[in-house]
Amino acid sequence: MKGTFPVDRFAQMRTPFYYYDMELLRATLDAIKKEANQHEGFVVHYAVKANANPKILLAIRQAGLGADCVSGGEIEASLKAGFPSSKIVYAGVGKSDWEINLGLDNDIFCFNVESIPELEVINELAAAKGKVARVAFRLNPNVGAHTHANITTGLAENKFGIAMRDMESVIAEASKLHHVKFVGLHFHIGSQILDMGDFQALCNRINELQDQLERHHIRVEHINVGGGLGIDYQHPNRVPIPDFKAYFDTYAKRLKLRQGQTLHFELGRAVVGQCGSLITRTLYIKEGATKKFCIVDAGFTDLIRPALYQAYHKIENICSDEPIEAYDVVGPICESTDVFGKQVDLNRAQRGHLIAIRSAGAYGEIMASQYNCRKLPQGFTSDEII
């Protein structure tokens, strides 16, 4: 079964562009709220880095989620979309002074701090404004995740977070500073995780760390476990909404929250990944010596994940019901890595046919570039087109 697209409307539009199924996005948000609300103290933020299209942000804000930001630009985009500053958290290994000041000026909920030098700078900048910044320490739990090596973040070798051995000394350092307030611990082990065992391992590690802190009479107000839940790239039609029940239940059963603690999540890909498709047009069918090439007008400037991570995306010819043929689906960029898929089974394609590259709602439009002086792709929602 192919995805359902308004092909007649698409035929009149300039390609490539991103198409967002808002009905699916809203259903996904409803599923998140339903499952998270089963558990007391669960708070969900949206990881803005996955997709910052203003129409997407507006829908997510209207659903009541908070915002997880990793840059000053993302904080600005979140505020513009109407996210309350009290629901904005700011993470990132390299926060510049203007970005920290932006968070301070808007009294955001929390800075997720990754080093003592960063903590000292936040304290200094907060002092200059006569403010006290709420901070959580991002700890590197040295927990691996069954995902691509380039998107693991919780191993000791990764650049993110503070080593576990330094946890108590960093908290002690914060207690000496007058313009920061320690309110929580932050963790994130990676992205596109489908094995609940990885999240169970994180829970076990957090339980150990909390026990260790309590032996020193240190109480943590908030625990932030990041995000990381993946989507089914192989079957976007069959599994359009991730298993949020299993995800939230894992933390509810395995993580030993203390009385009054809140548990924060930062879901990104799982929120928006399946609602987006990159729509591109076939330029040429080229017969090679050993294969056929379907050359389209989108390139890795529009969707870089296959070139960057060798990521798989389901590809469909949404204009043809003819017999299946195998093609290498490639773009026009002057790089050999500008390939969306090799030996892809498509209904027979010809010049002008529209091709949908599925599951592209996360890390698609947001990572687009203007290499080769190409124009950035536009993003359209089903609310606008249908």
Side-chain angles (χ1 to χ4, degrees), residues 5 7 9-20 48-56 70-74 77 148-151 191-192 233 268-269 272-273 275-319 326-344 346 349-381 384-385:
F5 298 100
V7 176
R9 294 295 306 275
F10 286 178
Q12 305 164 28
M13 299 171 66
R14 177 175 175 171
T15 51
F17 62 87
Y18 278 91
Y19 172 72
Y20 299 110
V48 178
K49 69 176 183 174
N51 189 321
N53 182 293
K55 300 151 200 162
I56 298 292
V70 294
S71 73
E74 289 186 3
H148 193 284
N150 288 5
I151 51 178
S191 187
Q192 186 48 24
Y233 284 95
R269 184 195 316 261
V272 296
C275 79
S277 297
L278 177 61
I279 307 300
T280 181
R281 198 179 306 271
T282 303
L283 297 174
Y284 307 103
I285 300 300
K286 177 180 176 179
E287 297 274 357
T290 60
K291 60 177 65 178
K292 284 185 179 181
F293 295 92
C294 177
I295 303 171
V296 297
D297 60 4
F300 70 45
T301 51
D302 308 294
L303 178 63
I304 199 172
R305 295 188 71 255
L308 190 61
Y309 302 133
Q310 298 77 53
Y312 171 85
H313 287 264
K314 184 175 180 62
I315 303 174
E316 298 174 345
N317 183 346
I318 58 175
C319 287
Y327 301 87
D328 281 15
V329 180
V330 303
I333 309 299
C334 292
E335 301 282 350
S336 296
T337 54
D338 188 31
V339 178
F340 290 115
K342 293 185 176 182
Q343 293 300 101
V344 177
L346 293 179
Q350 64 185 43
R351 176 175 168 81
H353 278 182
L354 294 169
I355 305 296
I357 304 177
R358 304 293 304 281
S359 309
Y363 308 108
E365 182 184 359
I366 192 68
M367 295 180 77
S369 76
Q370 292 183 286
Y371 182 50
N372 285 185
C373 295
R374 287 170 56 84
K375 293 184 182 297
L376 292 173
Q378 290 185 275
F380 300 96
T381 70
E384 299 171 280
I385 293 176

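From a predicted model like this one, the values you see are computed outputs, not experimental measurements. Note: hydrogens, waters and symmetry copies are ignored here, and every other heavy atom, side chains too, is used. Throughout, residue positions are numbered sequentially from 1 according to the sequence presented.
In this structure, the side chains of Glu365 and Tyr20 come closer than 4.5 Å at one or more pairs of heavy atoms. By the 4.5 Å heavy-atom criterion applied to side chains, Phe5 and Glu316 are counted as neighbours. Residues Met367 and Leu308 form a side-chain contact, since some pair of their non-hydrogen atoms from C-beta on lies under 4.5 Å apart. Side-chain contact check for Arg269 versus Tyr363: some heavy-atom pair is nearer than 4.5 Å. Taking 4.5 Å as the limit, every side-chain heavy atom of Val330 sits out of range of all side-chain heavy atoms of Asp338. Proximity of Val296 to Leu283: side-chain heavy atoms (C-beta onward) are nowhere separated by under 4.5 Å. Between Arg281 and Arg351, the closest side-chain pair of non-hydrogen atoms is not below 4.5 Å. Residues Tyr19 and Ile385 have side chains in contact (heavy-atom distance under 4.5 Å, counting atoms from C-beta outward).
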For this session: Starting from the C-alpha separation in whole Å, work towards a yes-or-no answer on side-chain contact (heavy atoms from CB on, under 4.5 Å) for Leu346 and Ile315.
Result: CA-CA 8 Å; Leu346 293 179; Ile315 303 174; 4.0 Å; yes
Problem set entry | Residues Gln343, Tyr327; criterion side chain to side chain donor-acceptor pair (under 3.5 Å); working and verdict | CA-CA 5 Å; Gln343 293 300 101; Tyr327 301 87; over 6 Å; no
For this session: Begin from the C-alpha positions of Glu74 and Lys49 and carry the test side-chain contact (heavy atoms from CB on, under 4.5 Å) through to its verdict.
Result: CA-CA 7 Å; Glu74 289 186 3; Lys49 69 176 183 174; 3.3 Å; yes
Exercise. Would Gln192 and Tyr233 satisfy side-chain contact (heavy atoms from CB on, under 4.5 Å), going step by step from the backbone distance to the final call?
Worked result: CA-CA 10 Å; Gln192 186 48 24; Tyr233 284 95; 3.6 Å; yes
Exercise. For Ile357 and Leu303, what are the C-alpha separation, side-chain angles and deciding distance, and is it a side-chain contact (heavy atoms from CB on, under 4.5 Å)?
Worked result: CA-CA 9 Å; Ile357 304 177; Leu303 178 63; 3.7 Å; yes
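Between Asp328 and Lys291, at least one side-chain N (NZ, or NE/NH1/NH2) sits under 4.0 Å from a carboxylate O, which counts as a salt bridge.
Summarising the geometry of Arg374 relative to Thr301, their closest heavy-atom pair is NE-OG1, 2.8 Å, with the distance given to 0.1 Å. Heavy atoms only, all atoms of each residue included: Ile318 and Ala356 are closest at CG2-CB, 3.9 Å. Across all non-hydrogen atoms, the minimal contact from Ala360 to Tyr18 is O-CE2, 3.5 Å. Pairing each heavy atom of Val272 with each of Ala50, the nearest pair is CG2-CB, 4.0 Å. Heavy-atom minimum distance, Arg305 versus Ala362: CD-O, 3.9 Å.
Arg9 CZ to Ile279 CD1: the interatomic distance, rounded to the nearest 0.5 Å, is 13.5 Å. Between Glu335 atom CD and Asn372 atom CG the span is 7.5 Å, to the nearest 0.5 Å. Distance check, rounded to the nearest 0.5 Å: CD of Gln350 to SG of Cys294 gives 11.0 Å. Rounding to the nearest 0.5 Å places CZ of Phe293 at 11.5 Å from CD1 of Ile285.
Side chain of Asn317 to main chain of Ile355: no donor-acceptor pair is present (N/O by atom type, distance under 3.5 Å, no hydrogens or angles).
Taking the six-membered ring for Trp and the full ring otherwise, the centers of Phe340 and His313 sit at least 6.0 Å from each other. Checked against the 6.0 Å centroid threshold, Phe10 and Phe17 count as a close aromatic pair.
At most 12 non-hydrogen atoms from other residues, nucleotides or ligands lie less than 6.0 angstrom from CD of Gln378. In this structure, Tyr284 places its OH atom where only 12 or fewer heavy-atom neighbours from other residues, nucleotides or ligands lie under 6.0 Å away.
When Thr15, Asp302, Asp297 are each tested for a side chain to side chain donor-acceptor pair (under 3.5 Å) with Thr280, only one passes: Asp297.
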